[in-house]
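Read the structure below first, then the notes.
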Amino acid sequence: MDSSELHTDGNGAAGMLQEIFAVEMTSVRRVCDGCGSEHPIGEHLAYQGAGTVLRCPSCGAEAAFVSALPGEYVIGLRGAWRVSRSAG
């Protein structure tokens, strides 16, 4: 078996991604890759500028950034995000 038999394209994850991102995000818990602490996103520090940057409330490490552009968002996530299927 070669590696091409182990994957499809990203469309194969569409249903799962839609389920994950259709929840109330402030209750999602994040494990910081800087200090290892775990906090709900609603506890993170939000800084506004050319977009929004979320930082860990324990160590200040960047957790996420979101920028709004005409017709789209640019999103970066860091650390492990624990999204409960019952969140929201």
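The two residues Ala63 and Trp81 have their closest heavy-atom pair at O-CZ2, 3.6 Å. Nearest heavy-atom pair across Ala46 and Thr52 is CB-CG2, 4.3 Å.
Between Arg30 and His44 the shortest side-chain heavy-atom distance falls below 4.5 Å. Contact check for Tyr47 versus Leu54: no side-chain heavy atoms found under the 4.5 Å cut-off. Side-chain contact check for Cys35 versus Ser58: some heavy-atom pair is nearer than 4.5 Å. By the 4.5 Å heavy-atom criterion applied to side chains, Cys32 and Glu38 are not counted as neighbours. Under the 4.5 Å side-chain criterion, counting only non-hydrogen atoms from C-beta, Arg82 is not in contact with Val28.
Listed by chain and residue number, nothing satisfies the side-chain hydrogen bond (donor to acceptor under 3.5 Å, both in side chains) test with Glu72 (two or more places apart in sequence, or in another chain). For Ile75, the side-chain contact (heavy atoms from CB on, under 4.5 Å) criterion is met by Val66, Tyr73, Leu77, not counting sequence neighbours. Taking Arg78 as the reference, Glu62 meet the side-chain hydrogen bond (donor to acceptor under 3.5 Å, both in side chains) condition, with sequence neighbours excluded.
Note that CZ of Arg55 is 12.0 Å distant from CZ of Phe65, once rounded to the nearest 0.5 Å. Going from atom CD of Glu43 over to atom OG of Ser37 covers 9.5 Å, rounded to the nearest 0.5 Å.
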Would Met25 and Val23 count as a side chain to side chain contact (heavy atoms under 4.5 Å, CB included) if you check the C-alpha gap in whole Å, the side-chain angles of each, and the deciding distance to 0.1 Å? CA-CA 6 Å; Met25 293 300 289; Val23 300; 3.8 Å; yes
